[in-house]
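Source: prediction; values computed, not measured. Numbers here are sequence positions counted from 1.
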Amino acid sequence: MKFPKMRSFLQYFLRYVSVIGLLCLFFPVIAKANDWQIGILAQRGTTHTYAKWQPWVDWLNQQLNPEHHFVLVMLDLDDLKQEKAKDLDFIITNQSQFFYLNDTPVRWLVTLNSPRQQHNTIGRIGSAIIVRADSQYRTLQDLKGKKIAAVGNDAFGGFLLGYHEFVQHNLSEKHDLHFQFTGFPVDNTLFWLKEKKVDAAITPVCLLEDLVIEGVLKQQDFRLLLDKPNTIGCWASTDLLPNWSLAAMPKVPHSLATTLVTLLLNHSPAELPQWTPPLSTLQADYILRELYRHPQQNLWADVKYWLIQYQGWIIAIISFILLNYLWVSWQIHRKSKALEQVYQDLHFYQKQLAQADRLSILGEMTAGIAHEINQPLSAISMYSAGLKHQLSQSGYASQVTNKILDVLDKIIHQVDRSVKIVQNLRHWAKAKNANDKERILLHTTLQRTIYFVQQQNKQAKIQLNCDIQLQIYVCTTMLEQVVCNCLLNALQANADQIAINVQPIHTDKIQIEIVDNGSGFTQQQLDFPFVPFQSTKPDGLGLGLVICQRLIQSQGGDIQLSNLPQGSGARVNLLLPKGNYANSFSG
């Protein structure tokens, strides 16, 4: 009875040991197996991506087991920007997504073919800009201001390639277009368009054809804008770029990468995705940089590099602009000063015109007043002459009578002088030259004028330096009036020493220089010396120098004003022609 039980126990024990032995035999192999994560962009959703790619992953596991084990990881549009990419060993996505890995040195292994591709074509990634068949939109310009569906801001075929075409047609996202992003699955772009939530949609190439094959949409309900023919039989609005690529991260052993490339290029079953050697990413890089959407673009770094490369030209241009600015500023300042001076001069001359008008009126009044004064002056002259005649005929000769006769002679002389002065004023007012010129001894005439002036200020010393034989052909009264006015001006400027220096200049002119030690002329008087109604005297009219200038000019002469150095007095130069009969007495 015990032997059958013992035999059953031994059989059970031997089976157990066999299983343990087999496990121990295969355990090292199982322990050596590595898990490799393959990230893939799930653009049509997780379910669709698993259904398409899991058979391919299973085939890889069959070919490389038990040493390697591959696991499929679904990626969203922004996952490669985040920490999730660090856990991946392989990545399958479009070329633009690899740029988000920044400085990670990925190894390009193979590029995906499409079932629609012919043996001589490599393009597969692109955008189709689609509208509803019943819409009125025919060109990209028609979509200005309209709502446009797209996959995402960083989607390559689902946005960026299509947006690049808009940019080429001078349409900007910020000013002309309004995008609404659907995210994954990309099918939503066409569903939104069908449901009239948007006016147009940017979709990946062949998405509409796939949905038509799946019986979800009808192609006749839609219309393509900007048709660009291709060899894959799908609607496309852009040029086609290489298909998705498989890349290995740095931590993948070189031996595994080499084995995987050999396997995919030579032994992939026909029902699974087909591969070609890796293709260039240059075109995708160029488009992203042209749109300034490249993840590795840095505005400041680009500007800094550009500044360093062209610093010589930049310095030259900035220097030119700065110098031009300084020159223009100086010109503006100079012109402003000139305009300001012109304005001041214009204002001044307007004032002078008003004064000239007043002077003209004054001239007319002077002519009238001079005419009226002539009558009382004539009466005084007649009364004085009559009184002198009566005293002369009376026969009374005494000292008193002689003094009275002498006074009467002086009264008559001054009346005659006053009459001539009034006559000069009338000529000045009417702008006529005096015609009563005569040949005179200049020394005698000036001495008589000095005597008259000193009667009003006997403390002043007036020195005359003149050749006593020098004669000149001039209106005597005019000359006396001008010299008298100049002497009185010097006395009113607090001068107590005056010198009159006469000397010939050239061969036909006489200079009468009147120098004093008074306060001199103001700068305004020197700048505008003969302006009427401009006087520094409290009760002055500002007409003395104006009348003197007019009288001197009526004789063919001129008058000049200046100050002595260091404010020591004033100088008046009277320039007169000698005249046709000017010479020296022979003695």
Can you name the residues that form a side chain to side chain donor-acceptor pair (under 3.5 Å) with S96, not counting sequence neighbours?
N94
According to the interplanar angle, ranging from 0 to 90°, do the rings of F90 and W36 count as parallel (below 30°), tilted (30 to 60°) or perpendicular (above 60°)?
perpendicular
Hits for side-chain contact (heavy atoms from CB on, under 4.5 Å) against I317, two or more places apart or cross-chain, chain-then-number order -> I321
Ring pair (Phe, Tyr, Trp, His ring centres under 6.0 Å) pairs, two or more places apart, involving residues 142-164
F159-Y163, F159-F179, F159-F181, Y163-F179
Looking only at the aromatic ring of each residue, does the gap between the centers of W56 and W53 stay below 6.0 angstrom?
yes
Quick check for you: to the nearest 0.5 Å, what is the distance between L140 atom CG and H169 atom NE2?
5.0 Å
Quick check: does any side chain N or O of T276 sit under 3.5 Å from a backbone N or O of T111, one acting as donor and the other as acceptor?
yes
Once you round to the nearest 0.5 Å, how far does CG of L207 lie from SG of C234?
10.0 Å
Distance check, rounded to the nearest 0.5 Å: T93 atom OG1 versus L246 atom CG?
11.5 Å
Quick check: does any side chain N or O of R107 sit under 3.5 Å from a backbone N or O of M249, one acting as donor and the other as acceptor?
yes
Rounded distance (nearest 0.5 Å) linking atom OG of S237 with atom CG of L224:
4.0 Å
Could you tell me whether the side chain of E209 and the main chain of W235 form a donor-acceptor pair under 3.5 Å?
yes
Pairs in or reaching into residues 143-154: which pass side chain to side chain donor-acceptor pair (under 3.5 Å), with residues at least two apart or in two chains?
K81-D154, Y100-D154, N153-R293
What residues, two or more places apart in sequence or in another chain, satisfy side-chain contact (heavy atoms from CB on, under 4.5 Å) together with V71?
H69
If we ignore hydrogens and angles and just use 3.5 Å, is the side chain of D285 paired with the main-chain N or O of T281 as donor and acceptor?
no
Give a yes or no answer on whether the side chain of R132 reaches the backbone of L193 with a donor-acceptor pair at less than 3.5 Å.
yes
By side chain to side chain donor-acceptor pair (under 3.5 Å) - contacts of D221 (at least two apart):
none
Please say whether more than 12 non-hydrogen atoms of neighbouring residues, nucleotides or ligands are located less than 6.0 Å from NZ in K337.
no
Checking R124 side chain against I232 main chain: does a donor-acceptor pair fall under 3.5 Å?
no
Mark yes or no for whether S268, through its side chain, and P273, through its backbone, hold a donor-acceptor pair below 3.5 Å.
yes
Would you check if there is a donor-acceptor pair between the side chains of Q54 and D58 at a distance under 3.5 Å?
yes
Please check: side-chain N/O of Q274 versus main-chain N/O of L272, any donor-acceptor pairing under 3.5 Å?
yes
For the side chain of D89 and the backbone of V252, is there at least one donor-acceptor N/O pair under 3.5 Å apart?
no
How many angstroms lie between CG in N61 and CG in D35, if you round to the nearest 0.5 Å?
9.0 Å
If only atom types and distance count, is the side chain of T238 paired as donor or acceptor with the main-chain N or O of L161 below 3.5 Å?
no
Between CH2 on residue W275 and CG on residue N113, distance to nearest 0.5 Å:
9.5 Å
